[in-house]
Amino acid sequence: MSTQQDNIFQQIISHAKEYGFVFPSSEIYDGLSAVYDYGPYGSELKKNIREYWWKSMTQLHDNIVGIDAAIFMHPTTWKASGHIDNFSDPMIDNKDSKKRYRVDHLIEAKADTLAQEGKKEEEFALLQKMDNLLAAEDFDGLKQLILDNNITCSVSGTANWTDIRQFNLMFKTEFGAVAADNPDDNIVYLRPETAQGIFVNFLNVQKTARMKIPFGIAQTGKAFRNEIVARQFIFRMREFEQMEMQFFVRPGTEAEWYKFWKEERLNWHLSLRLPKEKYRYHDHIKLAHYAKEACDIEFEFPIGFKEVEGIHSRSNFDLSQHQQYSRKKQQYFDNDINPATGKPYGNYIPYVIETSIGLDRMFLLILSNAYEEEKITKEDGSTDSRVVLHIPAKIAPVKLAILPLLKKDGLPEIAQELLASCKPYFKCFYEEKDAIGKRYRRQDAIGTPFCVTIDHQTKEDNTVTIRYRDSMQQERIPISKVKQLVLEAI
RNA sequence: GCGGAAGUAGCUCAUUUGGUAGAGCGGUAGCCUUCCAAGCUUCAGGUGGCCGGUUCGAGCCCGGUCUUCCGCUCCA
């Protein structure tokens with residue numbers, strides 16, 4: 001990352017705070033690490049992105065319905081999903097190189113070395129010991145295992161290790177007002193992903209909405225991860241919002257649906273007229289425990305290419321796990337005729353294709369892509385600059401600014417009339433203070449795509465000046481056409 | 001969490017070896033103004049991140065602490 005790109009990212013963060021998009025959480029108490037609040041314009045923009053996604057999923061696809069599941073879920077959910085076992089990694093630091101390792105990765109690397117040296121038995125014994133110690137959560141024993149096997153840091157080459165510490169990425173809290181005899185009995189977790197709320201409701205949704213495979217369930221909502229370190233502004237937060245869709249398909253068709261959603265989701269991004277050259281796919285080679293195929297949609301942020309969205313082929317892992325842990329059948333009866341047998345496909349646990357996008361990341365994507373410090377050459381040849389957010393009109397926080405040129409001669413009254421006729425349909429902003437140029441710049445800074453100005457000519461022929469954010473061009477149109485023009489753009 | 005850097009008004013920064021904090025921009029209220037940050041006036045806003053130490057005296061020196069940024073790690 002270059003210093004210049006670094007600066008741009010800093011400027012975007014400053015701009016976001018100064019113009020009421022994003023504030024650090026609890027800022028008067030020095031903030032809370034990796035937690036942020038959305039301000040007046042930020043909450044509008046975030047809501048608009050969420051609605052744009054929701055509409056594209058549940059309204060434009062006939063076979064996708066939405067749900068809104070609770071953040072709290074039965075603790076066994078996380079046992080079944082694998083989060084309790086796989087979401088807490090013991091870590092160890094080398095004091096000399098300051099490099100941090102996952103303990104299992106470190107020991108496995110040593111085992112690989114032993115295998116290459118032909119010491120198969122030692123390799124096996126080492127892994128066996130590690131598994132036992134991990135299962136027992138015996139961190140002292142694991143550290144001793146590392147020391148006994150003379151495992152060193154690849155950077156410093158020393159065995160100067162810290163103690164092993166557990167980082168559980170799920171937030172815990174207590175459920176119910178009365179303390180239980182066994183404290184473990186009333187522990188609940190804040191969900192680390194929204195997907196499980198969809199899986200456990202699979203049959204409820206399928207039956208009540210009378211869905212036939214293939215179909216999808218969409219959901220937006222908060223998720224929580226106690227990250228070891230969370231930084232880079234709203235890119236990695238401890239509390240964040242996901243927009244997820246789980247698409248249930250007949251086993252054997254998952255590859256084609258994976259391909260379909262991979263393309264479909266990129267097209268969604270491009271439908272906001274975001275630059276195609278800043279997007280790329282990143283196919284996963286090393287897969288998560290549940291995944292069959294997986295890729296990320298990455299976007300080139302000022303801090304480099306980063307993941308915005310993931311598309312995963314999850315097989316029937318999640319539903320099978322829930323069937324096993326809940327002892328409730330998670331099957332679907334497929335009445336369609338299988339041409340190979342001439343009979344219905346029958347009962348099966350569906351396969352799942354997941355699309356999962358971070359709303360906060362999408363917000364940051366929009367902001368990074370929109371932000372521009374533009375140099376302007378004026379008519380008299382002098383130069384000027386403006387900060388403008390080229391936010392797509394469909395999701396801009398404010399759609400239209402209504403500005404009387406002067407705050408007298410009846411101009412504000414006409415402007416108020418226009419405001420009253422537009423504000424039931426979209427978000428407007430009214431201002432009569434300061435010079436017109438200054439008001440335009442303020443609207444540029446929050447990304448308002450249209451400004452209209454009411455002047456004396458309006459009183460004569462009912463026309464107004466409309467000024468476009470991106471081109472700064474302006475033209476006269478009848479005041480009666482303003483609402484329609486904005487509605488067509490959003 | 002570990003290592004590096006930084007913290008003075010909303011923002012950008014001053015305060016030249018320690019002597020009780022200032023400017024520009026922005027904001028606010030008003031005057032004036034017929035289209036891209038114009039001008040004049042008014043007002044608001046800081047116990048110098050916080051705590052402690054040295055000193056007659058600390059924004060400045062020392063220690064601790066908190067927060068932010070960068071790297072390691074993880075992921076949406």
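A salt bridge is defined here as a Lys NZ or Arg NE, NH1 or NH2 lying under 4.0 Å from an Asp or Glu carboxylate O, and A:D434 with A:R441 fails to meet this definition. Look at A:K259 and A:E263 and you find a salt bridge, because one of the NZ, NE, NH1 or NH2 atoms lies within 4.0 Å of a carboxylate O, short of that distance. The existence of a salt bridge linking A:E193 and A:R314 is confirmed by a sub-4.0 Å separation between a basic side-chain nitrogen and an acidic carboxylate oxygen. Salt bridge absent: A:R439 and A:E431 never bring a charged side-chain N and a carboxylate O closer than 4.0 Å.
The base of B:C36 lies close enough to the side chain of A:Q474 for a donor and an acceptor atom to sit less than 3.5 Å apart. Donor-acceptor pairing under 3.5 Å, judged by distance alone, is absent between the side chain of A:S14 and the base of B:C11. A donor and an acceptor atom sit less than 3.5 Å apart, one in the side chain of A:R236 and one in the base of B:C74. Contact of A:R225 with B:C75 (side chain to base): no donor-acceptor pair of N or O atoms is detected under 3.5 Å.
As rounded to whole Å, 13 Å separates atom P of B:A76 from atom CD1 of A:I357. Rounded to an integer number of Å, the gap from CD of A:E431 to P of B:A29 is 10 Å.
Within the 4.0 Å cut-off from OP1 or OP2 of B:U33, at least one side-chain nitrogen or oxygen of A:K408 is found. Contact check, A:K433 against B:A37: no side-chain N or O comes under 4.0 Å of OP1 or OP2. Under 4.0 angstrom from either OP1 or OP2 of B:G27 there lies at least one side-chain N or O belonging to A:R442.
By the 5.5 Å and 30° criteria, A:Y440 is not stacked with the base of B:A37.
Nucleotides B:A6 and B:A23 place their P atoms 28 Å apart, quoted to the nearest Å. Comparing B:G24 with B:A37, their C1' atoms sit 14 Å apart, to the nearest whole Å.
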